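The model shown is predicted, which means the values in this text are computed figures rather than measured ones.
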Amino acid sequence: MTTKPWRQEIEILQSYSKHKAFTYTTTSANSETAIDLGLAMEEVNKVSFVVELADAYIEFDGDASATTMLIPQDEGYFDDAIYISTKITIMRAGATNARIRGIAWGR
């Protein structure tokens, strides 16, 4: 008999009490709030997202600008040792509107 590669329960448990999935598409060339975290949880400690449709600038706890993190179209970002307390903002990098799709975990 062979052992199946099933995960044990402890390996798949999340250590965060809250999570919030989000999808946001820009509507202008300005910085826009993709998710207001204050409405969902006290703080984010783990985040994962992908940027679709066009390149975009992303900022945590501030307003996105041309000097913040640039995520190319169809690329993503993941961090599990982070602290975000207020919001995640997005600003399209060109003339085409961009979309961010992801999930944030925290408490």
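In this model, a donor atom of one side chain and an acceptor atom of the other lie less than 3.5 Å apart for N45 and E43. Side-chain contact check for T89 and D63: no donor-acceptor pair (N or O, by modelled atom type) lies under 3.5 Å. Between the side chains of N97 and T26, a donor-acceptor pair is found at a separation under 3.5 Å.
Side chains of V47 and I88 form a contact here, defined as non-hydrogen atoms less than 4.5 Å apart. Side-chain contact between R107 and M41 is absent, with no heavy-atom pair separated by less than 4.5 Å. The side-chain heavy atoms of V51 and Y57, taken from C-beta on, include no pair separated by under 4.5 Å. Two residues are said to be in side-chain contact when any heavy atoms from C-beta on lie closer than 4.5 Å; L70 and D55 meet this criterion. The shortest distance between side-chain heavy atoms of Y16 and K46 falls below 4.5 Å. Side-chain contact check for R101 versus E52: some heavy-atom pair is nearer than 4.5 Å.
For the pair R99 and I90, the tightest heavy-atom approach, listed with the atom from each and the gap, is C-CD1, 4.3 Å. Of all heavy-atom pairs spanning A56 and A98, the tightest one is CB-CB, 3.8 Å. Annotation for A64 and S31: closest pair N-OG, 2.9 Å, computed over non-hydrogen atoms. Nearest heavy atoms, Y24 versus T33: CE1-O, 3.7 Å.
For S28 (side chain) and N30 (main-chain N/O), a donor-acceptor pair under 3.5 Å exists by modelled atom type. Looking only at distances, no side-chain donor or acceptor of D36 sits under 3.5 Å from a matching main-chain atom of K87. Under the 3.5 Å distance criterion, the side-chain polar atoms of E32 are matched with a main-chain donor or acceptor of T27.
Between F49 and F60, the ring-plane angle classifies as perpendicular under the 30° and 60° cut-offs.
Screening V50, I58, L53 against I100 for a side chain to side chain contact (heavy atoms under 4.5 Å, CB included) leaves a single residue, I58.
Note that the OH atom of Y83 and the CG atom of D61 stand 7.5 Å from one another [nearest 0.5 Å]. Note: M91 CE to S65 OG = 6.0 Å, rounded to the nearest 0.5 Å. Atom CD1 in I35 sits 9.5 Å away from atom CD1 in I84 (nearest 0.5 Å).
Hydrophobic clustering of Ile, Leu, Val, Met, Phe, Trp and Tyr side chains at less than 4.5 Å, counting indirect connections, unites L37 with F22. The hydrophobic cluster containing M69 also contains V44, counting ILVMFWY residues as joined when their side-chain heavy atoms lie under 4.5 angstrom apart, directly or transitively.
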Would I103 and K20 satisfy side-chain contact (heavy atoms from CB on, under 4.5 Å), going step by step from the backbone distance to the final call?
-> CA-CA 6 Å; I103 188 166; K20 178 70 175 168; over 6 Å; no
